[in-house]
Amino acid sequence: MNMQACSPDSWRRGKKEKRFQLVNLSPLKRTGGIKVKKEDCIFCKIAAGEVPSKTLYEDEQFRVILDLAPATKGHALIIPKEHYANLYEIPHETAAGVMKLAKTMAATMTERLGAEGFNLLQNNGETAGQTVMHFHMHLIPRYKGDGQQLFHEQPTASQEELEEIKRKITE
Ligand code: 5GP
Ligand code: ZN
């Protein structure tokens, strides 16, 4: 399915100018050809309640569990009950549901755990650090001095490099 997108400039002008098409690349290409069968999937089993977990929240579509190897105190995962390997595969409605739930969970966890900040993290493909090939969103409460770092102090790109990347994505 192709989607139309609008540039920020056109939004500012109040025009719905169609600037470029977002493509839906093959999920198999994106995950290096690995497609885990539902029967073999640990997160399918956890989501279905067949394997026990520390569940923080559950509804028809999602289960939220504590991560076995937490990056910080309270590190949790939103797991859709339906098996989708990654972001390229999940339907837009499910993606929207994940973000709504992430917002609610972040507010509750921040208050209850006395966190001072919060990261959402979502890995797709081995290259990006995904180890369990069932879509999940990491909920990571942050505390002063917790020692976790992500994207800190990157070198600034040149305007030419940025222009080239922008062209690749939008033209
Ligand atoms: P990824 O690296 O795929 O984005 O994240 C997978 C996460 O799942 C890791 O943080 C890992 O600790 C967690 N994890 C892997 N297996 C289990 C499990 O059986 N139970 C729980 N609760 N977490 C798991
Ligand atoms: Zn699964």
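Atoms within a ligand are numbered from 1 in the order they appear, just like the ligands themselves. All values below were derived from every heavy atom in this structure, side-chain atoms included, with hydrogens, water molecules and symmetry-related copies excluded.
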- Item | Per-residue contact class, Leu121 against ligand 1 - non-hydrogen pairs under 4.0 Å | neither

- Message: In terms of relative ring orientation, are Phe43 and His136 parallel, tilted or perpendicular, with 30° and 60° separating the classes?
- Response: perpendicular

- Query: Is there a heavy atom of Ile46 sitting under 4.0 angstrom from any atom of ligand 1?
  - Reply: yes

- Message: Tell me whether ligand 1 is touched by Gln122 - counting only heavy atoms on the residue side and a distance under 4.0 Å.
- Response: no

- Query: Polar-atom distance check: Leu77 versus ligand 1, any N or O pair below 3.5 Å?
  - Reply: no

- Message: Tell me the nearest of Val132, Asn124, Leu68, Asn123 to atom 23 (N) of ligand 1, using heavy-atom distances.
- Response: Leu68

- Message: For atom 16 (N) of ligand 1, what is the closest protein heavy atom, and at what distance to 0.1 Å?
- Response: Phe43 CE1, 4.1 Å

- Item | Name of the His134 atom (N/O/S only) found closest to the Zn ion (ligand 2) | ND1

- Task: Could you name the option among Asp67, Ile42, Asn86, Ile79 that has the heavy atom nearest to atom 9 (C) of ligand 1?
- Result: Asp67

- Kindly confirm or rule out an N or O of Gln130 lying under 3.5 angstrom from an N or O of ligand 1. no

- Using atom types as modelled and distance alone, determine if a side-chain donor or acceptor of Lys45 lies under 3.5 Å from a backbone N or O of Pro52. no

- Note on the structure: For the Zn ion (ligand 2), angle spanned by Cys41 SG and His83 ND1 (nearest 10°) is 110°

- Query: Counting N and O atoms only, with roles assigned by atom type, does the side chain of Tyr84 sit under 3.5 Å from a partner on the main chain of Thr94, one being a donor and the other an acceptor?
  - Reply: no

- Hey, is Ser53 one of the residues with a heavy atom under 4.0 angstrom from ligand 1? no

- Query: Can you check whether Ala76's main-chain N or O pairs, donor with acceptor, with Lys54's side chain at less than 3.5 Å?
  - Reply: no

- Query: For the side chain to side chain donor-acceptor pair (under 3.5 Å) test, which of Glu58, Gln61, Glu60 pairs with Lys81?
  - Reply: Glu58

- Message: Among all protein heavy atoms in this structure, tell me which lies nearest to atom 5 (O) of ligand 1, with the distance rounded to 0.1 Å.
- Response: His136 NE2, 3.0 Å

- Query: Side-chain heavy atoms under 4.5 angstrom apart, residues restricted to Ile, Leu, Val, Met, Phe, Trp, Tyr: same cluster for Val132 and Ile78?
  - Reply: no

- Note on the structure: So the atoms of ligand 1 within less than 4.0 Å of a heavy atom of Gly129 turn out to be 1 (P), 2 (O)

- Return the residue, atom name and 0.1 Å-rounded distance of the protein heavy atom closest to atom 3 (O) of ligand 1. Thr131 N, 2.7 Å

- Task: Report the part of His138 (side chain from C-beta onward, or backbone N, CA, C, O) that has a heavy atom under 4.0 Å from ligand 1; answer both or neither where that applies.
- Result: side chain

- Does the Arg142 side chain pair with the main chain of Asn119, one donor and one acceptor, at a distance under 3.5 Å? no

- Query: Is it true that a side-chain atom of Asn86 and a backbone atom of Glu89 form a donor plus acceptor pair closer than 3.5 Å?
  - Reply: yes

- Query: What atoms of ligand 1 come closer than 4.0 angstrom to any heavy atom of Ala69?
  - Reply: 12 (O)

- Query: Under a single-linkage definition using a 4.5 Å side-chain heavy-atom cutoff for Ile, Leu, Val, Met, Phe, Trp and Tyr, are Leu56 and Leu120 assigned to the same hydrophobic cluster?
  - Reply: yes

- Between Met105 and Leu139 the two heavy atoms that sit nearest each other are CB-CD1, 3.7 Å

- Item | Distance from atom 22 (N) of ligand 1 to nearest protein heavy atom, with residue and atom | Leu66 O, 2.9 Å

- Query: Looking only at heavy atoms, which two atoms of Pro80 and Ala47 are closest? And how far apart?
  - Reply: O-CB, 4.2 Å

